[in-house]
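Scope of the values below: all heavy atoms of this structure, side chains included, with no hydrogens, waters or symmetry mates. The model shown is predicted, which means the values in this text are computed figures rather than measured ones. Below, read A as the first sequence line, B as the second, and so on, with proteins coming before strands; counting in each chain starts at 1.
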Protein chains: 2
Amino acid sequence: MAARAGVGLKTVSRVVNGEPGVTPDTERRVQEAIEALGFRRNDSARVLRKGRTASIGLVLEDLADPFYGPLSRAVEEVARAHGALLINGSSAEDPEREQELALALCARRVDGLVVIPAGDDHRYLEPEIRAGVATVFVDRPAGRIDADVVLSDNYGGARGGVAHLIAHGHRRIGFIGDMPRIHTAAERLRGYRAAMEDAGIAVEERWMSLGATNPERVRRATEEMLSGADPVTAIFAGNNRVTVTVIRVLAEQSRPVALVGFDDIELADLLQPGVTVVAQDAAALGRTAAERLFRQLDGTLLAPERIELPTRLVTRGSGELPPAV
Amino acid sequence: MAARAGVGLKTVSRVVNGEPGVTPDTERRVQEAIEALGFRRNDSARVLRKGRTASIGLVLEDLADPFYGPLSRAVEEVARAHGALLINGSSAEDPEREQELALALCARRVDGLVVIPAGDDHRYLEPEIRAGVATVFVDRPAGRIDADVVLSDNYGGARGGVAHLIAHGHRRIGFIGDMPRIHTAAERLRGYRAAMEDAGIAVEERWMSLGATNPERVRRATEEMLSGADPVTAIFAGNNRVTVTVIRVLAEQSRPVALVGFDDIELADLLQPGVTVVAQDAAALGRTAAERLFRQLDGTLLAPERIELPTRLVTRGSGELPPAV
DNA sequence: TTGAAAGCGCTAACAT
DNA sequence: ATGTTAGCGCTTTCAA
């Protein structure tokens with residue numbers, strides 16, 4: 001490479017990186033050689049030498065979920081603004097896979113890591129963090145480790161949503177959520193209980209159903225709450241997956257059942273009735289986390305913080321239905 | 001590291017990589033040292049030496065688009081099955097950004113590249129391909145370069161969808177699509193024209209509108225087609241973004257207008273009427289492309305091929321409405 | 001079974 | 001303005 005241009009190795013390096021101190025004439029000669037020989041810089045070697053990879057990792061649950069797409073995109077935008085690439089992987093809600101992925105990313109020497117936890121113990125990241133890998137957790141808190149966390153106000157959002165149903169006259173309100181080991185699910189359930197308690201309503205066991213969010217289970221849970229002697233008159237759906245299935249089941253019912261869902265859904269406004277939701281801003285979640293990550297990297301070393309983003313109640317009709325007699 | 005365990009450098013390497021030829025006793029000593037000193041293998045150096053990175057790149061249009069989420073996830077699954085990580089970036093439909101991203105990925109020495117083209121000239125990838133980077137294009141064909149391509153049958157799908165409308169009595173049918181420079185948009189328009197021609201219908205200019213898919217423009221285009229002397233009685237929407245906006249506009253109309261959309265949409269079955277669509281399988285697109293990529297990598301060197309996946313007409317009501325008088 | 005030496009492609013530090 | 005040297009952390013090769 002250098003030989004072909006008849007210059008020293010370092011000069012080539014200078015040209016490639018646009019560093020100063022090269023005569024226009026030499027530069028041209030080097031450029032020619034680059035073209036002719038088809039030179040392609042090897043960033044692996046560069047990384048090895050410089051210590052920074054200009055890439056960050058994102059471990060999330062499922063890239064195909066409409067909630068994580070925008071989040072991921074927001075992280076990518078911030079990374080791009082900082083000249084970094086994004087490597088991402090899906091944990092599929094499996095703690096082991098989360099760890100495996102996160103450590104693989106660290107072995108690649110990503111500069112930082114944004115993690116949407118599947119597990120509840122992140123001590124395995126301690127050596128990495130000590131070694132300088134910036135780390136931020138999003139959507140759910142880190143487990144057994146002190147780190148930056150960016151969350152939505154799951155508790156407050158759910159509490160507000162359920163209070164909204166109560167304000168519209170409901171007392172028998174069902175809650176269908178994700179597996180209780182998932183932090184967001186637990187928090188939303190807590191919000192549900194709080195709103196009910198605020199209204200002096202004693203919650204019955206059969207009004208609550210936590211578990212996998214696959215359509216079959218959610219359908220069964222919904223149907224059970226709607227049958228029997230004193231069926232619920234309203235349902236609070238714990239996330240977007242649940243909401244979609246509950247909508248399907250409610251559409252088959254003869255009497256109207258009120259519904260408020262956590263997470264916004266596309267076309268929710270066009271259904272009959274429109275679906276009232278507690279919306280969280282997935283993009284803001286991602287953006288905030290990524291910005292925090294790069295601030296860690298900038299050396300503005302700040303103490304780990306817990307940032308909570310507000311949710312927003314969007315009324316569209318389904319949450320304002322009165323209890324059916 | 002090696003010093004601490006009192007062994008040679010290579011022995012540590014052997015232990016870390018689980019290579020044979022180490023006494024259990026020595027291995028234990030090395031493991032201890034690893035724990036104590038918090039060793040973390042640096043894959044950058046490994047890559048530099050081995051030549052392969054066990055990672056592939058994915059350049060797509062927008063990770064936040066519900067069409068690309070599942071596609072990306074499918075690519076990731078295949079990569080994972082082959083022990084590779086996925087690095088992905090969004091081109092935002094900007095050819096320059098596509099190129100910048102693709103080349104950045106190549107500089108990182110990804111083993112392969114899956115590209116959803118934004119531009120129509122991919123000669124810039126020739127040196128990379130020659131250097132051994134496996135490359136597959138998805139969703140849209142490569143430009144001015146001979147490479148593997150995995151596509152949906154955009155032409156046939158659109159033709160079938162429009163024929164469906166014609167079969168239900170429509171003759172004045174509008175087509176609203178993406179910018180004509182985008183291959184899928186052009187192909188779908190071609191399918192529209194073919195179906196119309198098959199039926200002996202002379203297409204009028206004002207029935208066709210191609211351009212950006214932002215809500216404002218699509219809304220305007222829809223409203224124009226629906227006004228005037230001989231308004232269209234049916235609309236074929238060129239992709240999921242367009243469909244969503246058209247649904248909104250149609251919901252405001254007093255008379256019913258038939259609609260068939262390209263791409264499936266969540267909750268399309270629950271709207272009134274249900275939305276008839278030409279569905280493509282985004283996950284299959286991604287899976288097929290990624291599998292092809294790894295077959296290139298496996299050395300089963302095959303000649304570049306063009307694979308076309310079928311689409312599926314899903315009737316739900318909106319496409320079966322008769323023309324309103 | 002183990003180790004020493006060379007080198008992957010690059011850049012930082014120091015000549016010239 | 002340009003070149004030389006050393007070394008990033010690992011694996012490959014060959015020798016002990």
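Taking every heavy atom of residues 44-51 of chain B and every atom of DNA chain C, pairs under 4.0 Å involve B/Leu48, B/Arg49, by number. Near DNA chain C, meaning a heavy atom under 4.0 Å away, the residues from residues 11-26 of chain A are A/Ser13, A/Asn17.
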Using the salt bridge (charged side-chain N to carboxylate O under 4.0 Å, His left out) rule, take A/Glu305 and A/Arg292 through it: C-alpha gap first, then chi angles, then the decisive distance, then the call.
-> CA-CA 10 Å; A/Glu305 208 175 300; A/Arg292 183 113 194 137; 3.4 Å; yes
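With respect to A/Arg295 and A/Glu291, no salt bridge is recorded, no charged nitrogen being found less than 4.0 Å from a carboxylate O. With respect to the salt-bridge test (charged N to carboxylate O, under 4.0 angstrom), the residues B/Glu100 and A/Arg80 qualify. The pair B/Arg181-B/Asp120 does not meet the salt-bridge criterion, since no charged nitrogen lies less than 4.0 angstrom from a carboxylate oxygen. Taking 4.0 Å as the cut-off between side-chain N and carboxylate O, A/Glu35 and A/Arg4 do not count as a salt-bridged pair. Look at A/Lys10 and A/Glu19 and you find a salt bridge, because one of the NZ, NE, NH1 or NH2 atoms lies within 4.0 Å of a carboxylate O, short of that distance. Using a 4.0 Å cut-off between charged nitrogen and carboxylate oxygen, A/Arg140 and A/Glu93 count as a salt-bridge pair.
Minimum heavy-atom separation, B/Asn154 to B/Thr184: ND2-CG2, 3.7 Å.
In this structure, A/Phe39 places its CZ atom 8 Å from C1' of C/dG9, rounding to the nearest Å. In this entry the distance linking CZ of B/Arg108 with P of C/dC8 reads 23 Å, nearest Å. The interatomic distance linking A/Lys10 (NZ) with C/dA12 (C1') rounds to 7 Å, in whole Å. Residue A/Arg109 contributes atom CZ, which lies 20 Å from atom P of C/dC10 at whole-angstrom precision.
Contact footprint of chain A on DNA chain D: nucleotides with an atom under 4.0 Å from a non-hydrogen protein atom, first to last in 5' to 3' order, D/dA1 to D/dG9.
Between A/Thr11 atom OG1 and A/Arg29 atom CZ the span is 9.0 Å, to the nearest 0.5 Å. Rounding to the nearest 0.5 Å places CG of A/Asn88 at 4.5 Å from CG of A/Leu86.
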